[in-house]
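Remarks on the structure that follows.
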Amino acid sequence: MTAICDLPEDVLVELLSLLPAPELVCACRLVCRQWRYVVDLTTLWKRKCQREGFYVPNLDRSVSDWKIFYMLCSLKRNLIKNPSAEENFQHWKLDTNDGDKWKIENLPGPHGKGMPDPKVHKYFVTSYGPCFKSQLITLQKEGYWNQLMDEKRPEIVVKDWYAARFDCGCRYELTVRLLSEDYLVLEEFHPEPVVIEQWNDAVWREISHTFQNYPAGVRYIWFQHGGQDTQYWAGWYGIRVTNSSITIGPLTL
């Protein structure tokens with residue numbers, strides 16, 4: 001009778017690659033010297049990437065650590081919660097809520113246009129006074145451990161969508177900060193405010209930024225956006241925002 005430890009290496013790789021990553025690292029790797037060796041093999045993690053659809057051609061030269069690549073791919077998702085107003089204002093902190101305050105409207109909205117993404121049905125809209133809202137993302141709670149962020153420093157991609165009403169001018173602002181454990185700003189993306197004139201095309205536009213080679217010690221990401229209308233009309237004639245996202249991980253996906 002053949003014991004599992006007597007199986008050829010390629011068979012053991014195939015079997016172990018079926019298991020979830022936490023079990024491989026926290027349990028299987030501790031079974032014996034042979035299993036630790038197999039769990040650490042590049043071929044095992046590459047096989048897991050192939051099995052779960054993370055592997056694409058021409059990746060071999062660009063991936064230095066297939067285990068980390070797999071972990072980042074499996075964690076990758078939008079870290080902004082309730083990005084498109086489907087849950088009212090849940091998960092958002094209303095930092096500034098002036099004029100007639102923030103409101104949620106259905107696309108395309110008065111004197112507006114539809115989003116390129118048909119899955120987005122709502123947006124947040126500002127008023128005649130400054131309106132800003134934010135989210136603070138705790139990376140450890142989202143599965144991104146300190147050593148990973150400090151040593152690998154995976155790409156952090158920020159995206160946001162904004163639009164104006166056709167009949168009113170408005171102003172849009174975005175600030176994203178990478179924060180330390182003590183909430184010190186390690187790196188910041190804060191482009192010049194976008195001012196949209198009255199009688200504009202009302203088209204939704206995307207703003208995007210990728211943080212790379214940032215300092216070690218990033219533990220939080222702070223995202224804030226908003227603005228107001230520039231003609232001070234009562235109601236909700238200011239900038240519209242929706243479909244915000246923050247993702248961490250390989251840009252190959």
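What you are looking at is a predicted structure, and each value in this text was computed from that prediction instead of being measured.
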Under a 3.5 Å distance rule, please check whether Asp150 uses its side chain to pair with a backbone N or O of Gly217 as donor and acceptor.
yes

Heavy atoms of other groups near Gln147 CD, more than 12 under 6.0 Å:
no

Treat each ILVMFWY residue as a node, draw an edge where side-chain heavy atoms are under 4.5 Å apart, and state whether Val120 and Val125 are in one component.
yes

Could you tell me whether a side-chain N or O of Thr126 sits under 3.5 Å from a main-chain N or O of Ile239, the two making a donor and an acceptor?
yes

Looking at side-chain heavy atoms only, is the closest gap between Pro110 and Arg165 below 4.5 Å?
yes

Under 6.0 Å between ring centres: does that hold for Phe54 and Phe69?
no

Is Arg77 reaching over with its side chain to a backbone N or O of Leu75, donor-acceptor style, under 3.5 angstrom?
yes

When every non-hydrogen atom of Val39 is compared with those of Leu24, the smallest separation belongs to CG1-O, 3.8 Å

Please check if the side chain of Asn78 supplies one atom and the backbone of Ile246 the other of a donor-acceptor pair under 3.5 Å.
yes

Test side chain to side chain contact (heavy atoms under 4.5 Å, CB included) on Lys67 and Asp40 and set out the steps.
CA-CA 8 Å; Lys67 179 167 73 172; Asp40 289 343; 4.3 Å; yes

Backbone N/O of Glu86 and side chain of Ser84: donor-acceptor pair under 3.5 Å
no

Could you see if Val194 belongs to whatever hydrophobic cluster contains Trp204? Use Ile, Leu, Val, Met, Phe, Trp, Tyr and a side-chain cutoff under 4.5 Å.
no

Is it the case that one hydrophobic cluster holds both Trp222 and Val185, taking links as side-chain heavy atoms less than 4.5 Å apart, direct or via other members?
yes

For Lys159, I'd like to know if atom NZ has over 12 heavy atoms of other residues, nucleotides or ligands within 6.0 Å.
no

Non-hydrogen side-chain atoms of Leu174 and Val241 separated by less than 4.5 Å
no

Would you check if the side chain of Trp236 reaches a backbone N or O of Lys101 as a donor-acceptor pair within less than 3.5 Å?
yes

Main-chain N/O of Gly169 paired to Asn200 side chain as donor or acceptor, under 3.5 Å:
no

Ionic contact status for Arg51 with Glu14, cut-off 4.0 Å:
yes

Does the side chain of Asp98 come within less than 4.5 Å of Gln228's, by heavy atoms?
no

Keeping Lys48 on the side-chain end and Leu19 on the backbone end, is there a donor-acceptor pair under 3.5 Å?
yes

Side-chain heavy atoms of Asp167 within contact of Tyr237, under 4.5 Å:
yes

Decide whether a cation-pi geometry holds between Lys133 and Phe89; the criteria are a distance under 6.0 Å from NZ or CZ to the six-membered ring centre and an angle within 45° of the ring axis.
no

Is Ile207 reachable from Val195 through a run of I, L, V, M, F, W or Y residues, each pair having side-chain heavy atoms under 4.5 Å apart?
no

CG-NE2 distance between Asp160 and His209, expressed to the nearest 0.5 angstrom
13.5 Å

If you compare all heavy atoms of Cys73 against all heavy atoms of Pro250, which two are closest, and at what distance to 0.1 Å?
SG-CG, 3.9 Å

Taken to the nearest 0.5 Å, the spacing of Ile196 CD1 from Cys170 SG works out to 4.5 Å

Do His225 and Trp92 make the cut of ring centroids closer than 6.0 angstrom?
yes

Nearest 0.5 Å please: distance from the CZ atom of Arg240 over to the NZ atom of Lys122.
15.0 Å

Minimum-distance pair of heavy atoms, taken over all atoms of Cys49 and Tyr70
SG-CB, 3.7 Å

Derivation of the side chain to side chain contact (heavy atoms under 4.5 Å, CB included) call for Ile156 and Tyr144
CA-CA 12 Å; Ile156 300 173; Tyr144 296 92; over 6 Å; no

Heavy-atom nearest pair, Glu155 first then Thr210, reads CB-CG2, 4.0 Å

Verify the neighbour count for atom CD of Glu87: are there more than 12 heavy atoms of other residues, nucleotides or ligands below 6.0 Å?
yes

Taking the side chain as every heavy atom from C-beta outward, state whether Ile80 and Ile137 have any atom pair closer than 4.5 Å.
yes

Atom CG of residue position Asp201 - does it have more than 12 heavy atoms of other residues, nucleotides or ligands inside 6.0 Å?
yes

So does Tyr128 get a backbone contact from the side chain of Asp100, meaning a donor-acceptor N/O pair under 3.5 Å?
no

Assign the ring pair Tyr220 / Tyr183 to parallel, tilted or perpendicular, where the plane angle (0 to 90°) is split at 30° and 60°.
parallel

Check: Ile68 main-chain N/O paired with Trp45 side-chain donor or acceptor under 3.5 Å:
no

What I'd like to find out is whether the side chain of Arg177 reaches to under 4.5 Å of the side chain of Thr175, using heavy atoms alone.
yes

Give the cluster check for Leu136 versus Leu178: same hydrophobic cluster or not, with ILVMFWY residues linked at side-chain heavy-atom distances below 4.5 Å.
no

Identify the residue among Tyr162, Phe132, Trp161 that makes a ring pair (Phe, Tyr, Trp, His ring centres under 6.0 Å) with Tyr172.
Tyr162

Does any non-hydrogen side-chain atom of Ile248 lie less than 4.5 Å from one of Ile221?
yes

State, yes or no, whether a side-chain contact exists between Asp95 and Gln224 at a heavy-atom distance under 4.5 Å.
yes

Would you name the heavy atoms of Tyr214 and Pro154 that are closest together and state the gap between them?
OH-O, 2.6 Å

Please round to the nearest 0.5 Å and tell me the distance separating atom CG of Leu79 and atom CG of Leu139.
7.5 Å

Shortest non-hydrogen separation from Arg153 to Met149 and the atoms involved
CG-O, 3.1 Å

Here the gap from Thr230 atom OG1 to Glu197 atom CD, rounded to the nearest 0.5 Å, amounts to 7.0 Å

Rounded distance (nearest 0.5 Å) linking atom CG of Asn82 with atom CD1 of Ile104:
7.0 Å

side-chain hydrogen bond (donor to acceptor under 3.5 Å, both in side chains) assessment of Asn146 paired with Arg219:
CA-CA 7 Å; Asn146 294 347; Arg219 300 295 178 262; 3.1 Å; yes

With a 4.0 Å cut-off on N to O distance, would you call Lys81 and Glu142 a salt bridge?
yes

